[in-house]
Novice: 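This is the structure I want to talk about, given as structure tokens.
One-based numbering, in listed order, for ligands and for the atoms of each.
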Amino acid sequence: MKRFVILGVIVGLSVLVTACKKTAPQPEPKAQAEAFQWQVDQFADVKILRYQVKDFETLTPLQKELVYYLSQATLCGRDITFAQNYKHNLVIRKTLDAIVEGYKGDRNDPQWQTFMIYVKRVWYANGIHHDYSSDKFEPGFTADYFAALVKGSEGVKFPLAEGQTVDGLLAFLKPILFDPSVDAKKVSQDSTKDLVKSSAVNFYEGVTQAEAETFYAGMAKKDDPTPVSYGLNSRLIKKDGKIVEQVASINGLYGPAIAKIVFWLEKAAGVAENEVQKRVIEQLIAYYKSGDLKDFDAYNILWVADTQSRIDFVNGFIEVYNDPLGRKAMWESNVNFKDLEATKRADTISANAQWFEDNSPIDPKFKKKEVKGVSAKVITAAMLGGDCYPATPIGINLPNANWIRTQHGSKSVTLENITYASSQSSLLSGFGPEFCASPEELERSRTYGAYAGNIHTDLHEVLGHGSGRLLPGVTNEALKNYHSPVEEARADLFALYYIMDPKMIELGLLPSVESAKAQYDGSIRNGLLTQMVRIQPGKTIEQAHMRCRAMVSHWVYEKGLPENVIVKEVRDGKTYFVIKDYQKLRALYGKLLAEVQRITSEGDYEAAKALIETYGVKLDQDLHKEVLDRYAKLKLAPYTGFMNALYVPVVENGKIIDVKVEYPSDYVQQMLWYGKEYSYL
Ligand code: ZN
């Protein structure tokens, strides 16, 4: 619900960020782009980059040890994510891993290349469904070839069930991998169907949407001021005709993996930076032991209050994007530490939170009288895991429970070393020249794009999600499957409205109005044009952030038509969108923000549905084809994943005295190694 994903190609458009002297903490970009190999792999629609753990060497030995333990805890949950995405993912991944390790046949065969592309995609998506479109991957090789691979592999173990033969395994996997109609969609958004039954995601077993909704309907008491997030960390199954929850915990669902996570968290608690952080980790351990969501809330309250530690982490069942009913969360984790220089920027935004809330264009009755505890920081990601690996959000705002956010505040972070790696890797990309409407727009984007993008992310995360309030009796669940795109739109619109405000220059956050224009150019270009490169021909937009961006851009384009706010130009068969009046566009963003806030505050499901379905789902087929053709000629990948760094402890007399960081560059080896070293389910 509250995270900001990489804009893919938008981020990749930026080059030099020298405009704002206040920050510009990064080394001279061009020199570093040559010195460090950012991109290490590319396959299907994905490129794999590496990120640098900037300033790791400035941490104390004890802080490094803490990062090391938390990183181990991050990696130990990988299997949970695979299992959650689809119930057969682990068997599939283990089979694929065994083939890649053990196949003795011809690896120069074109079919082998196709097979490896499939394997890399499965690793990237933590399963056999595309992580954005949610469609099952087409293998591209035959079932016979697959059988030959399994039988031609030596010295490896296949994940055979008790009494199962290799032939039995192949027969079992055949329809799952090769029949496109079997479990075709991970998360169905088609509200004319039973959303639960038509989704392959592994949150429900044998229950219908109506049964699941009824099961949870009675749980949240209307007058409970501190409701737990019912169903967040469980599977709902029908057993002997009865509907029961399987709860994740050390002795419950995903127990063996959680036990390992707890093992490393206990070590981490032993080297915590301070008492507050120690209590945070201990409370998380208590939650993993009990599975009780009250313990999870207690953990979140402690976690929000820990703003002084340099090291921080996310570890748990957090985001509900993958549940068609918006209730059950994927397991994810990351470890990070504060980027001290860049955090000053977010602090400035945070310190002025009340001004932004008071001046927001929304109806006063939906405003927060007092904006509490908006803590913001810029972080360096040190390890990515679970649903945050290899594809990671570039900003995170947690916790998600509304009452905790209201009463205790929230933490908001921007993963600057990740966005930096993205922009560096695309220094030479031909994307900008192809889709920018003019040399001026391209230049503006190159000069200000990355920096303005970071400010936009700060505003989105630090203020956007935390602004406004729900009317009494309204909950997050009111908007059902439209909650996520509407929530993202609310945060995006808040950021878009304010980035053009003179206050940004006054606060020293932006060097000029030109930089804000770069963000407007980028948003419109992305929402109306370039994000289409991520959608297959004939498909509609499914992913929440993409629905949000399409909706926002199409809405302002349409509403601005009478006054030519944004003009569509077609030259040599190529379509461009040109912003003619930035101030009028800002006013439109403000107007839409007011409406989206109203929808959220009142829980107006019908209005949310109309907004998203009208502007955020469908694509203009001709324009889509044009964009795909133009994009294909550039030979770029629209999705980005990241390889993790490797931490090597230096041990003396049985004690860790230092930790070294290394940057491996072989994606296949990292995945195989994780599969071997961190597989517990
Ligand atoms: Zn967000």
Novice: Tell me which N, O or S atom of Glu488 sits nearest to the Zn ion (ligand 1).
Specialist: OE1
Novice: With sequence neighbours left out, which residue pairs that include part of residues 381-404 fulfil the ring pair (Phe, Tyr, Trp, His ring centres under 6.0 Å) condition?
Specialist: Tyr389-Tyr674
Novice: May I ask you to check whether Asp131 and Asn126 show a side-chain donor-acceptor distance below 3.5 Å?
Specialist: no
Novice: Compute the angle centred on the Zn ion (ligand 1) spanning NE2 of His465 and NE2 of His460, and express it rounded to 10 degrees.
Specialist: 90°
Novice: Under 2.8 Å from the Zn ion (ligand 1), is there any N, O or S atom belonging to His545?
Specialist: no
Novice: Compute whether any side-chain donor of one residue and acceptor of the other, for Tyr582 and Asp521, lie under 3.5 angstrom apart.
Specialist: yes
Novice: Determine whether Leu232 and Asn400 make a side-chain contact, defined as any pair of heavy atoms from C-beta on separated by less than 4.5 Å.
Specialist: no
Novice: Look at the N, O or S atoms of Asp492, main chain and side chain alike, and state whether any lies under 2.8 Å from the Zn ion (ligand 1).
Specialist: no
